[in-house]
Amino acid sequence: MSCPICGKDTAPDFRPFCSKRCADVDLAKWLGGSYAIPSDDPEDAERALDEIAREAQKPH
Ligand SMILES: [Zn+2]
């Protein structure tokens, strides 16, 4: 099985992801709702995660 975020091998500690970062990306995707996170480019995923983090810090 490979990480659904970046496609790398899954790490037992973070199944079904390869790392905490990818788990965070997936979580942020759920929280962010409308964000589309590319599944094949870790740098894009990181950038998207940064955007989501910025968005989450906006006052409501
Ligand atoms: Zn990954």
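- Of all heavy-atom pairs between Cys18 and Ala11, the closest is O-CB, 3.4 Å.
- Within the model, atoms OG of Ser19 and CG of Asp13 stand 11.0 Å from one another, a figure rounded to the nearest 0.5 Å.
- Closest of all the heavy-atom pairs between Leu49 and Val25 is CD2-CG2, 3.8 Å.
- Under a 4.0 Å N-O distance rule, the pair Arg54/Asp50 does not qualify as a salt bridge.
- Lys29 contributes atom NZ, which lies 5.0 Å from atom CG of Asp26 (distance to the nearest 0.5 angstrom).
- Nearest approach of Cys3 to Phe17, heavy atoms of both residues: SG-CA, 4.0 Å.
- Legend: residues meeting side chain to side chain contact (heavy atoms under 4.5 Å, CB included) with Thr10, ordered by chain and number and at least two apart, are Met1, Arg15.
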task = Starting from the C-alpha separation in whole Å, work towards a yes-or-no answer on salt bridge (charged side-chain N to carboxylate O under 4.0 Å, His left out) for Arg21 and Asp24.
result = CA-CA 5 Å; Arg21 200 194 68 184; Asp24 284 348; over 6 Å; no
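- Rounded to the nearest 0.5 angstrom, Arg47 CZ and Ile52 CD1 are separated by 12.5 Å.
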